[in-house]
Protein chains: 2
Amino acid sequence: MTLRRDVATTDLAVSTVIFALRPNDPLRRRPEPTLWLPLVRRLREPYDDHWALPGGPLGAEEDLPVAARRTLVATTGLTPKYLEQLYAFGNPARSPGQRVVSIIYWALVGTDEAARASVGQNVRWLPADDLPALAFDHNLIVDYALWRLRNKVAYSRIAHALLGQTFTLAELRQVHEVVLGEQLDPANFRRQALASGTLVATDDKRTGGRHRPARLYRYSDTETLADNGPVGPLLLSEEGS
Amino acid sequence: MTLRRDVATTDLAVSTVIFALRPNDPLRRRPEPTLWLPLVRRLREPYDDHWALPGGPLGAEEDLPVAARRTLVATTGLTPKYLEQLYAFGNPARSPGQRVVSIIYWALVGTDEAARASVGQNVRWLPADDLPALAFDHNLIVDYALWRLRNKVAYSRIAHALLGQTFTLAELRQVHEVVLGEQLDPANFRRQALASGTLVATDDKRTGGRHRPARLYRYSDTETLADNGPVGPLLLSEEGS
DNA sequence: GCAAAAGTGTTGCTAATACACCCATGC
DNA sequence: GCATGGGTGTATTAGCAACACTTTTGC
């Protein structure tokens, strides 16, 4: 299982597709929030000056999700509410020059956190549904992450990870609508969400609209999510093995 | 993205969990076939003399699924009907001594192929539901692969990949029953299988039982399977990118 | 004929959908 | 009051599970 290394060899990198819900660009004249993701500007060839997924080489004694979380903190200063391995990309042609195998994670960040995301000259948030040509095969990777996100939102209960600690059912429904790209019946969505048993009603309400105040709910972490990898629930804001 | 290497560094390996349906061991007194997988005997430390998943280091210019297919051919001499990436395992403690990140694939082999699998002193087929202690974290990996297989069989149409080119609906149903570990209603299974639109009736029938002959069907490859990774349908007997 | 599996028909339950309707707040 | 979304009730429908029943073979 040990491999003798000579000159040029295969590099191993860990990168992360980070999704957050942000108020839509005023220019786009759409009231609802949309999915955004932070990208880093490359400062050398190949793909100099292109945007790329945050990531980097795996630390010598570092576990894979730890590396993903580290790059997430490094680029955005944020803690994800959800983190899951996406796929390993290793096509020899995906990186000109040096061969690189990338293990990709994807993450969801809540609106509370996302509001205080750090930005800089070389880090920028771009809308997930309208990206420029990215470095390497990163457009393909983002598309695949979006596909997985839509799948998970449809049959799982992770949408809350894009909101804050508490949220109204209308807010949760809006997340589903934005991710899935379709309108959902408020009455039926409410029933399904409550029937899933993953939500806990709080005593608080959200006031301020020109209408009846909405009850606030929080997510019950006692429920496990599907397909978090073989090591059990990888995520949910704490722990890092 | 380039990484300077010094002395000890991280190894990258590709291994494959290979499933095939084989007639059950006469000792077990069960008439139905069960899932078996080929394992290779380790001939050195760590885990000397333990059974391990077939695999090895990634070739310098070799794509990941190509490496998986190569180790599959090397250990069994077989061509898989289905091949999909499972997960990347990278816990620093999973391999004593040298740090190894393993990208695992899982594969399904048809009964026609499996019948002429090569065996040797250091390759043995063992029943998936009754494995000894394997090398490294390979028990965990096999369990995860089994979980994925059961999931896929339940909501997708891949079970045919464990059979031959043509098969009766009863044979297909038996595959589902063995994988899921529960009895299924023949009438309802038939309707669902046919309604999926993935099966094509042939003019042939399977005779020989003390009962009415059963029509033979084949799988229609025009249908795409879900979650074959971002690169589209990875598999179905040919192609290797 | 008889056993056994192939294959078809029918019924009843469950769950999702569509949509009508009442409730409570801001203005 | 009235507009607006929060929240509840209910009829319709689609899909699935259960199971009775007919068909065609081997012996």
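Everything numeric here is computed off the predicted structure, so don't read it as measured data. Residue numbers begin at 1 in each chain, while the letters A, B, ... track the order of the sequences.
Look at CD on A:Gln192: it is 11 Å from P on C:dA18, rounded to the nearest Å. If you measure from atom OH of A:Tyr217 to atom P of D:dG6, you get 11 Å, rounded to the nearest angstrom. Here D:dG7 presents its P atom at 9 Å from CG of A:Leu194, a figure rounded to the nearest Å. The distance from atom CG of A:Leu199 to atom P of D:dG7 is 12 Å, rounded to the nearest whole Å. We find that CG of B:Leu172 is positioned 13 Å from P of C:dG7, with the value rounded to whole Å. Following rounding to the nearest Å, B:Phe189 (CZ) and C:dT8 (P) show an atom-to-atom distance of 15 Å.
Shown here are the side chain to side chain donor-acceptor pair (under 3.5 Å) partners of B:Arg191, two or more places apart in sequence or in another chain: B:Asn188. Residues satisfying the salt bridge (Lys or Arg N to Asp or Glu O under 4.0 Å) criterion with B:Arg210, sequence neighbours excluded, are absent altogether. Applying the side chain to side chain donor-acceptor pair (under 3.5 Å) criterion to A:Asp112, with sequence neighbours excluded, gives A:Lys81. With sequence neighbours excluded, the residues satisfying side chain to side chain contact (heavy atoms under 4.5 Å, CB included) with B:Ala114 are B:Ala20, B:Val109. When the side chain to side chain contact (heavy atoms under 4.5 Å, CB included) test is applied to B:Ala67, the partners found at least two apart in sequence or on another chain are B:Val14, B:Leu58, B:Glu62, B:Arg70. Take B:Val200 and apply the side chain to side chain contact (heavy atoms under 4.5 Å, CB included) test, not counting sequence neighbours, and it matches B:Arg218, B:Ser220. Partners of B:Arg124 under the side chain to side chain donor-acceptor pair (under 3.5 Å) rule, at least two apart in sequence or in another chain, do not exist in this structure. Applying the side chain to side chain donor-acceptor pair (under 3.5 Å) criterion to A:Glu177, with sequence neighbours excluded, gives A:Arg173.
Residue contacts shown for B:Ala187 include a base, since a base heavy atom lies under 4.0 Å away. When heavy atoms are screened at a 4.0 angstrom cut-off, B:Arg173 is found touching the sugar-phosphate backbone but no base atom.
For residues 178-198 of chain B, the set of pairs meeting the ring-ring contact (aromatic ring centres under 6.0 Å, His included) definition, not counting sequence neighbours, comprises B:His176-B:Phe189.
A:Arg190 has no side-chain polar atom (N or O) that falls below the 4.0 Å cut-off from OP1 or OP2 of D:dG6.
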Polar pairs (N or O, both sides) under 3.5 Å between protein and nucleotides 25-27 of chain D?
from, atom 1, to, atom 2, distance (Å)
D:dT25, O2, B:His211, N, 3.3
D:dG26, O4', B:Gly209, O, 3.4

Distances under 3.5 Å between protein N/O atoms and the N/O atoms of nucleotides 10-14 of chain D, please, pair by pair.
from, atom 1, to, atom 2, distance (Å)
D:dT10, O4, A:Arg191, NH2, 3.3

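The CG atom of B:Asn139 sits 14.0 Å away from atom CH2 of B:Trp51, with the distance rounded to the nearest 0.5 Å.
Separation of the B:Tyr87 and B:Tyr144 ring centroids falls under the 6.0 Å cut-off.
Residues from residues 174-185 of chain A with heavy atoms under 4.0 angstrom of DNA chain D: there are none.
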